[in-house]
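Inspection log for the structure reproduced underneath, given as structure tokens.
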Amino acid sequence: KRKMGIFDFMKGNKKAKSEMTKKPSPEQKLFSEKAIEIVIPTFEQFGFKKHRVEIKEYSSTIIYRKDKQYLEISSNTHPRDYPNYYNIVLGEGNSEDFFEYDWNSVALWRFKKEFNPELKATEYEFPKDNGIEPSLKKANSELLKFGLTFLNGEMELFHKIRKEQNKDREPYKIHSPDKNGNYQTSFEPKSVEQKKKYS
């Protein structure tokens, strides 16, 4: 049986939005292929279905949805954003609307920290070459361990962590000149609303 490549996978589901830039970098292509092989079976096991796959030169986004919940694998290898990283993100609501997903999703490392506050948990370092499989296998087992309630559709822990995460965040600021040309700072109204809603 031929191994399914990333292009086959992207074509797989007609309803899902898939996009591949002309030249995804070799490391993003390899990372996405391995993520699909190692982590996606867990998403599917819990009833999540492919929603959007984007593999670009310096980033990749794979989103699976189940009703109001979604799971996302996102990575960033842009030379300006060093160190490069990837995350598994657990979210609720609209996964396409920036204001919604920015305030209504939680990275897996925050779940991990909830279980063990002593841990210096952060996003995963973007793995290279032989490190990709072990890194994604570890991320997958951590998803099953720390994200199990979410995978099962139990949202209490997610809501608790989301609230803690947003409590100390400020809404986005807008700097704009007034009629005298002096810059005034105000809070962006939509993010003020999201902060109230999700903290």
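Keep in mind that what you see is a predicted model, and the values were worked out from it rather than measured. Side chains included, hydrogens not; waters and symmetry mates left out as well; all remaining heavy atoms used.
Separation of atoms CD (E133) and CG (N140) is listed at 12.0 Å; rounding is to 0.5 Å. The CD atom of E72 sits 9.0 Å away from atom CZ of F43, with the distance rounded to the nearest 0.5 Å. To the nearest 0.5 Å, the span separating CZ on F115 from NZ on K145 amounts to 8.5 Å. To the nearest 0.5 angstrom, I38 atom CD1 is 5.5 Å from K137 atom NZ. The line from CD of E57 to NZ of K23 is 8.5 Å long, rounded to the nearest 0.5 Å. Rounded to the nearest 0.5 Å, atoms CD1 (I161) and CG (N166) are 12.0 Å apart.
Nearest approach of L108 to A139, heavy atoms of both residues: CD2-O, 3.9 Å. Residues I40 and I36 share a closest heavy-atom pair of CB-O, 3.3 Å. The heavy-atom pair separating A35 from L136 by the smallest distance is N-CD1, 3.5 Å. Smallest separation of non-hydrogen atoms from E142 and Y124: OE1-OH, 2.5 Å. Taking each heavy atom of K113 and L119 in turn, the nearest pair found is NZ-O, 2.6 Å. Smallest separation of non-hydrogen atoms from F46 and K66: O-NZ, 2.8 Å.
The cluster map of Ile, Leu, Val, Met, Phe, Trp and Tyr, joined by side-chain heavy atoms under 4.5 Å apart, puts W109 and L148 in different clusters. With hydrophobic clusters built from ILVMFWY side chains whose heavy atoms lie under 4.5 angstrom apart, F48 shares a cluster with I62.
Look at E54 and K56 and you find a salt bridge, because one of the NZ, NE, NH1 or NH2 atoms lies within 4.0 Å of a carboxylate O, short of that distance. A salt bridge between R110 and E114 is absent, with no side-chain N of the basic residue lying under 4.0 Å from a carboxylate O of the acidic one.
Remark: K128 NZ is packed, more than 12 non-hydrogen atoms of other residues, nucleotides or ligands lying under 6.0 Å away. Within 6.0 Å of atom CG in N130, 12 or fewer heavy atoms from other residues, nucleotides or ligands are found, so the atom counts as exposed in its surroundings.
Looking at S135, its side chain never comes within 3.5 Å of a backbone N or O of I132 through a donor-acceptor pair. In this structure a side-chain-to-backbone donor-acceptor pair under 3.5 Å is present from N76 to H78. Side-chain atoms of K112 do not come within 3.5 Å of backbone N or O of T122 as any donor-acceptor pair. Looking at E125, its side chain never comes within 3.5 Å of a backbone N or O of P83 through a donor-acceptor pair. Distance alone, capped at 3.5 Å, is enough to place a donor-acceptor pair between the N94 side chain and the E96 backbone.
For the side-chain contact (heavy atoms from CB on, under 4.5 Å) with S60, the qualifying choice from S75, P24, S25, S74 is S75, the only one to do so.
Taking the six-membered ring wherever Trp is involved, the centroid distance between the rings of F146 and F111 does not fall below 6.0 Å. Here the two rings, on Y85 and F126, have centers that are 6.0 Å apart or farther. Residues Y86 and F31 bring their aromatic ring centres within 6.0 Å.
The closest side-chain donor-acceptor pair between Q28 and T77 falls under 3.5 angstrom.
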